[in-house]
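Naming: A, B, ... by sequence-line order, numbering from 1 per chain. All values below come from the heavy atoms of this structure, side chains included, with hydrogens, waters and symmetry mates left out.
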2 protein chains.
Amino acid sequence: MHTVKEAAQITGLTEHAIRFYTDKGLVPTVQRSEHNVRLFDEQSINWLFGVRCLKQSGMPIEAIKTYVDLCLQGDSTVPERSAMMKKHGEEARLQLEEAKRHVAHLEEKMLLYEEILAGKTPDTTNPATWERMRYMHGDVFYASTVLQEK
Amino acid sequence: MHTVKEAAQITGLTEHAIRFYTDKGLVPTVQRSEHNVRLFDEQSINWLFGVRCLKQSGMPIEAIKTYVDLCLQGDSTVPERSAMMKKHGEEARLQLEEAKRHVAHLEEKMLLYEEILAGKTPDTTNPATWERMRYMHGDVFYASTVLQEK
DNA sequence: GCTTGCCTTCGTGTAACACGAAGGATTTAA
DNA sequence: TTAAATCCTTCGTGTTACACGAAGGCAAGC
């Protein structure tokens, strides 16, 4: 049995957030001690991880609440729950793709900065470089050429 | 030259957000027409993409503002900008890893739901299944066994 | 008996917009 | 020529998911 503080350490959530979640009913398995202290068993910790996963992948609290309530209604709601996860999983996958693109962009940007720092000023007469900078959103281009031209 | 509406269509941002960004000075290349209409050339569009990338990968607006201001100060700030991108890129990569895990979790969950829907009730006497359900945060476990045991 | 740790409620603050309304200017189409 | 569409501005409120602090109280350990 874990206290809020321990649960926070285990899940990486803050104590504030955990109290918030339990108060909203997102962790139905959580118990209270005789002195009203929240007690998390392994299953409650798992629920916390589940809530964390759903939330961090972009599901609003209200939707998570809906999902949890469906869980509590038993197996009859399995089709509905299945549909929810299918839909949300799709969304999460799209976000993942975007995140990959963002990381790629940031890495390109870093690379170019490294080149500049190494003294290799990018060849702005080369259309390929221009394209690359366009891909990089223009700021390096802007700072290292446009301003200098003025 | 694009108007706010067009820029919104191109970048996938809302007009509200674009006005918000330009007002905050995150798109230094944006111009105004003689009648005060925001005009976005290709470079401004690129900046919008850049801001979108940074924001969506978790950088707060204020930090983006700082970065943009550094860009405007010219090549002398390249080391600092490079460091910022390095640091933020690292963070974005961590988030990407988390996102992957979340998608994996959701896919596992979906798979189990599919199995249940197909009539294959998970074997709860098998420790491996138990482990798998733990990985899935317990809600299927909870709904399909614990409640029934009562 | 004092510190520590948990609880509660209350209240305010934050980010990054979303949304609508009012009021004004301009461009375009019928 | 007039009506509709599109742009602008400022103002103000609402939203989400907490963060943070304070006050006040109970309970356990040293």
Between the protein and nucleotides 3-5 of chain D, list every N/O to N/O distance that falls short of 3.5 Å.
none

Separation of [X] atom [atom1] from [N] atom [atom2], in whole Å?
X	N	atom1	atom2	value
A/Gln31	C/dC7	CD	C1'	17 Å
A/Lys65	D/dA17	NZ	P	14 Å
A/Leu26	D/dC18	CG	C1'	13 Å
B/Phe40	D/dC8	CZ	C1'	13 Å
A/Ile18	D/dA19	CD1	P	10 Å
B/Lys55	C/dA15	NZ	C1'	11 Å
B/Lys5	D/dC7	NZ	C1'	10 Å
A/Ile64	D/dA17	CD1	C1'	11 Å

Q. Is the shortest heavy-atom distance from the side chain of A/Leu106 to the side chain of B/His88 under 4.5 Å?
A.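 A/Leu106 reaches B/His88 side chain to side chain.
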Q.
Using side-chain heavy atoms (C-beta onward) and a distance below 4.5 Å, is A/Arg32 in contact with A/Arg38?
A.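 A/Arg32 vs A/Arg38: side chains touch.
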(Q) So that I can tick it off, tell me whether B/Glu98 and A/Arg52 are bridged by a salt bridge, with the cut-off set at under 4.0 angstrom between side-chain N and carboxylate O. (A)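 Counted as a salt bridge, because a side-chain N and a carboxylate O are separated by less than 4.0 Å.
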**Q.** Between B/Gln9 and B/His2, a side-chain donor and acceptor under 3.5 Å
**A.**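 No, B/His2 and B/Gln9 have no side-chain donor paired with an acceptor closer than 3.5 Å.
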Q: Indicate whether the side chain of A/Tyr113 and that of B/Arg81 have a donor and an acceptor atom separated by less than 3.5 Å.
A: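 On atom types as modelled, these side chains qualify, holding a pair under 3.5 Å.
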Closest to the [X] side chain, choosing from [options]:
X	options	value
A/Val37	D/dC7, D/dA17, C/dC7	C/dC7
B/Tyr21	D/dT16, C/dC17, D/dA19	C/dC17
B/Thr3	C/dA18, D/dC20, D/dC7	D/dC7
A/His16	C/dC17, D/dA19, C/dA15	D/dA19

Q. Does B/Thr14 have a side-chain nitrogen or oxygen under 4.0 Å from the phosphate oxygens OP1 or OP2 of C/dA18?
A.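 Affirmative; the distance criterion is met.
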Check [X] against [Y] and note the closest heavy-atom contact, atom names and distance.
X	Y	result
B/Met59	B/Ala63	CG-CB, 3.5 Å
A/Val68	A/Leu26	CG2-O, 3.9 Å
A/Cys71	A/Thr77	N-OG1, 4.3 Å
A/Trp47	A/Val27	CB-CG1, 3.9 Å
B/Cys53	A/His105	SG-CB, 4.0 Å
B/Ala7	B/Leu48	CB-CD1, 4.0 Å

Extract from the structure each pairing of a protein N or O with an N or O of nucleotides 9-11 of chain D at less than 3.5 Å, listing the distance.
from  : atom 1 : to      : atom 2 : distance (Å)
D/dT9 : OP1    : B/Arg32 : NH1    : 3.1
D/dT9 : OP1    : B/Arg32 : NH2    : 3.1
D/dT9 : OP1    : B/Arg38 : NH2    : 3.3
D/dT9 : OP2    : B/Arg38 : NH1    : 3.1
D/dT9 : OP2    : B/Arg38 : NH2    : 3.0

Q | Pairwise 5' ranking along DNA chain C for B/Glu15 and B/Glu62, keeping only the more 5' one | A |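 It is B/Glu62, whose closest nucleotide lies nearer the 5' terminus.
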(Q) What's B/Ser33 touching, base or sugar-phosphate or nothing? Going by heavy atoms closer than 4.0 Å. (A)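 The answer is nothing, as B/Ser33 stays clear of every strand by at least 4.0 Å.
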Q) Checking side chain to side chain donor-acceptor pair (under 3.5 Å) against B/His102, which of A/Gln95, A/Lys55, A/Arg93, A/Gln56 comes through? A)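 It is A/Gln56, the one option of A/Gln95, A/Lys55, A/Arg93, A/Gln56 that forms the side chain to side chain donor-acceptor pair (under 3.5 Å) with B/His102.
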Q: Let me know, please, whether A/Glu34 or A/Phe20 comes out on the 5' side of the other along DNA chain D by nearest nucleotide.
A: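 It is A/Phe20 whose nearest nucleotide is closer to the 5' end.
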Atom pairs under 3.5 Å: protein N/O with N/O of nucleotides 23-27 of chain D:
from   : atom 1 : to      : atom 2 : distance (Å)
D/dA27 : OP1    : A/His35 : ND1    : 3.3

